Amino acid sequence: MNLIYTEEQKAFRREVRSWLEAHVPRQPLPSFDASREGFEAHREWERILDEGRWGMVTWPERYGGRGLDLIQWLIFEEEYYRAGAPLRVNQNGIFLLGPTLMEYGTPEQKSRFLPKMASGDEIWAQAWSEPQAGSDLAAVRASATRAGDEYVLRGHKIWSSRAVFADWAFGLFRSDPGSERHKGLSLIFFPLDAPGVRIQAIPQIDGETGFAEIFLDDVRVPAFNRLGAEGEGWAICMATAGFERGLMLRSPARFQVTARRLVELFKTCERDADPAIRAAVLKAWMDTDAYALSIYHTASRLNAGGQIGAEASTNKIFWSEMDIAMHKTALSLLGARAELSRHASEAVEAGRWLDGYFFSLAGPIYAGSNEIQRNIIAERMLGLPRV
Amino acid sequence: MDFRFYDEQVMTADVVRALLAEVCSSQDLRRLLTTGGAQDETRWKKLCELGLAGILVPEGDGGLGLAPVDFVQIAEACGYRCLPEPLVDNVGIALPLLAAFADRPGVAPYLERALAGEITVAVSHPINSYVPHADRDAAALIARDDGLHLVAISPKMLTMQPSADPFRRLHTIACDPGDATRIAGHEEAAIPLRQTLDRGALFTAAQLLGMAQRCVDLAVGYSKERQQFGRPIGSYQAIKHHLATVQVKIEFARPVVYAAAADLPHDDLHSRARISQAKLTASEAADLAAHTAIQTHGAMGYSWEVDVHLYLKRIIALTQVWGGPSFHRERVAARVFSAPLGPETTFARETDRA
Ligand SMILES: Cc1cc2nc3c(=O)[nH]c(=O)nc-3n(C[C@H](O)[C@H](O)[C@H](O)COP(=O)(O)OP(=O)(O)OC[C@H]3O[C@@H](n4cnc5c(N)ncnc54)[C@H](O)[C@@H]3O)c2cc1C
């Protein structure tokens with residue numbers, strides 16, 4: 001065990017830091033969920049990142065990356081969040097689909113999709129959930145019918161984040177009409193502006209758009225758009241979900257920034273704070289630190305050729321619950337100002353704590369609910385009986 | 001940067017784990033309980049034969065000169081088995097302190113015999129109220145206002161304070177240390193004593209981590225066997241979710257304990273905060289684990305027959321020794337409220353210099 005950065009890693013950090021200092025927008029960008037303008041501003045930022053070849057540092061160079069390892073990815077993320085750089089509008093593409101494409105895609109698919117993903121020219125949405133298939137994802141009904149070298153897609157997807165403005169979606173479809181449950185599913189890409197696609201925005205808890213329903217009515221896509229073999233969709237989705245929960249979706253840096261802001265907030269109202277709140281503030285720092293250490297541990301293991309395992313589920317529970325706890329603590333510190341919306345002149349940080357609290361409440365739901373994660377831990381890690 | 005144990009570290013820990021599985025099973029503990037003994041000298045002899053006594057003692061003083069990170073998994077394994085004998089106290093905590101004053105008159109013979117596994121040494125540190133197993137120790141390192149003393153223990157100095165943990169024989173030591181026993185003055189003892197506290201807290205955290213995992217494992221084992229309403233109770237989601245919650249706590253205490261071990265030699269604000277964090281999180285995980293294991297066992301969990309109570313009692317004890325939660329929370333606070341925070345500070349002393 002060696003918790004010391006190499007000279008190369010230190011130099012890499014300096015390089016990232018100075019590039020970000022020169023390029024991160026001075027003013028925060030408008031939300032990518034609320035308007036086309038905000039979405040496009042974030043797309044523009046993705047282009048700038050890509051020009052610096054910072055879009056996805058772990059990807060191979062030929063797809064727009066730098067071929068770096070996961071420790072370097074962590075360093076990049078730390079500097080990225082330290083710099084207050086914009087959220088990644090293409091996160092479903094680069095963090096979820098990207099690694100999966102890298103593993104299961106054909107060379108042609110990789111060259112077709114990865115560079116445009118890295119550059120932000122194509123922004124991706126995930127279209128898995130359906131009204132009747134939430135936690136029970138294997139209940140999907142949307143169908144992909146083979147017609148020559150095309151698929152015809154039909155069905156109803158829901159809760160698809162950023163689908164309102166995104167360009168492409170990767171969906172889970174039943175490609176074998178007689179199949180049930182986990183069998184006969186395929187992962188297929190479709191353009192969100194293809195004929196037969198209708199998008200219906202769904203306002204979220206804060207009133208902003210953010211996710212959408214997708215109605216597919218005889219949407220024709222080439223069979224080239226299928227990732228992996230026909231009928232192998234479930235296994236591929238589970239691999240994607242492993243990345244999502246386990247590592248990439250929520251890098252520790254994001255929460256370490258929240259913990260730092262919480263300590264700063266605490267210092268402004270320390271005198272009135274009761275000891276329980278002080279303890280919660282300290283716990284916030286400790287939890288985010290523990291999460292970071294745990295991810296460094298996982299990254300070291302994966303760098304040495306290990307596979308992501310049950311930590312996908314333990315991580316997801318840990319970060320989602322810690323995020324809620326930190327935001328709740330902030331709201332207690334804010335007292336009467338907790339309820340102020342971003343439009344109130346006295347709102348602290350333009351209501352960011354309340355917005356963050358709302359969003360934190362989604363954490364235990366998306367990417368596989370925490371109840372489902374607890375089932376997985378109990379059954380696969382602890383070996384408790386399934387029935 | 002590589003947050004994994006090296007092969008030798010893994011191998012040493014595996015050897016200790018295997019030996020403990022063999023000589024410190026539930027039946028072994030039960031046998032000791034029925035004979036009323038606190039320790040098993042045959043087992044202790046086998047542990048001494050592993051040659052670990054000098055693991056944290058510098059090579060120049062006859063030890064192996066290894067680091068806390070080489071011992072942390074061993075301490076965890078001792079916790080997992082609820083080991084009654086003072087392997088962690090003696091090897092992990094007392095001997096490095098004794099070795100720090102190896103050149104002082106009278107110290108060498110004790111150190112030599114301790115390294116040979118012939119005797120054990122106790123530490124009476126101001127942070128702790130009692131000295132466990134002092135009745136088996138040949139000598140005690142006693143910190144007083146005027147410095148550090150090395151005192152040969154005689155039975156008449158000891159007053160036993162029975163602990164709920166049948167394997168922890170707590171004592172207070174009454175003696176009058178003076179110039180003759182003093183091996184270091186107040187000033188020169190200060191840093192070694194602070195480092196002793198760090199080692200004490202760290203290796204206690206590691207034991208708590210092991211105990212937490214054992215509580216989960218005991219509960220999992222039982223809940224696969226025990227049937228109610230025609231099904232194993234472990235198939236019920238309420239049981240599954242309780243145990244999964246504990247496992248999550250353990251998973252996020254473990255890397256903190258390991259990083260704290262790697263950090264300890266730095267002896268600075270950051271290492272102290274992380275050791276304290278390790279102690280806090282491991283205590284919390286262990287507390288929830290013991291409580292959940294009892295609940296999972298139902299009335300069996302409230303009985304003497306099931307081992308969980310042995311863990312519960314040791315967890316209650318270890319949560320308070322080498323600094324209780326309030327003490328350690330303040331050491332975390334010292335770091336959080338005074339040093340830079342944020343994503344680039346996980347290994348802060350590293351990035352300071354970047
Ligand atoms: C902010 C947000 C963004 C999202 N983005 C996307 C996206 O981009 N693409 C996409 O495809 N989906 C997305 N989702 C959908 C998300 O994946 C689902 O919400 C999730 O899978 C849960 O499904 P559900 O909402 O239908 O809840 P349900 O499955 O109906 O669950 C309701 C409650 O019942 C519990 N429950 C269900 N089954 C069990 C069980 N077996 N044991 C114990 N408890 C159970 C759940 O834990 C939950 O608490 C998003 C959701 C949110 C909130």
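Sequence lines set the chain letters: A, B, ... in the order given, protein chains first and strands last, and positions in each chain run from 1. These numbers come from a predicted model, not from an experiment.
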Engaged part of [X] at the chain B interface, taking heavy atoms whose separation is under 4.5 Å:
X: A:Phe266; result: side chain
X: A:Ala279; result: both
X: A:Glu379; result: side chain

Over 60° means perpendicular and under 30° means parallel, so tell me whether B:Phe3 and A:His297 are parallel, tilted or perpendicular. perpendicular
Any chance you could measure [X], atom [atom1], to [Y], atom [atom2], to the nearest 0.5 Å?
X: B:Lys249; Y: A:Phe318; atom1: NZ; atom2: CZ; result: 7.5 Å
X: B:Phe347; Y: A:Asp289; atom1: CZ; atom2: CG; result: 8.0 Å
X: B:Thr345; Y: A:Gln256; atom1: OG1; atom2: CD; result: 6.0 Å
X: B:Thr346; Y: A:Ile295; atom1: OG1; atom2: CD1; result: 11.0 Å
X: B:Thr245; Y: A:Ile317; atom1: OG1; atom2: CD1; result: 6.5 Å

Output the option from [options] having the highest count of non-hydrogen pairs under 4.5 Å with chain A.
options: B:Arg274, B:Arg254, B:Arg335; answer: B:Arg274
options: B:Asp263, B:Asp70, B:Leu341, B:Thr281; answer: B:Leu341
options: B:Ser223, B:Pro232, B:Gly342, B:Ala273; answer: B:Gly342

Closest heavy-atom pair and its distance - [X], [Y]:
X: A:Ala290; Y: B:Phe252; value: CB-O, 3.5 Å
X: B:Val220; Y: A:Leu382; value: CG1-O, 3.3 Å
X: B:Lys240; Y: A:Pro385; value: NZ-O, 2.9 Å
X: A:Met381; Y: B:Gln247; value: CE-CG, 3.9 Å
X: B:Val256; Y: A:Leu293; value: CA-CD1, 3.9 Å
X: B:Ala262; Y: A:Met1; value: CB-SD, 4.0 Å

Heavy-atom check, side chain of [X] versus side chain of [Y], under 4.5 Å:
X: B:Glu284; Y: A:Met286; value: no
X: B:Met1; Y: A:Leu3; value: yes
X: B:Phe337; Y: A:Leu282; value: yes

Most chain B-contacting option - heavy-atom pairs closer than 4.5 Å, from [options]:
options: A:Glu77, A:Arg374, A:Arg260; answer: A:Arg374
options: A:Asn370, A:Val281, A:Thr258, A:Asn375; answer: A:Asn375
options: A:Gln9, A:Arg254, A:Arg278; answer: A:Arg278

Are there over 12 heavy-atom neighbours, none belonging to [X], within less than 6.0 Å of that residue's [atom1]?
X: B:His242; atom1: NE2; answer: no
X: B:His291; atom1: NE2; answer: no
X: B:Arg231; atom1: CZ; answer: yes

Toward chain A, the part of B:Gln277 with a non-hydrogen atom under 4.5 Å: both
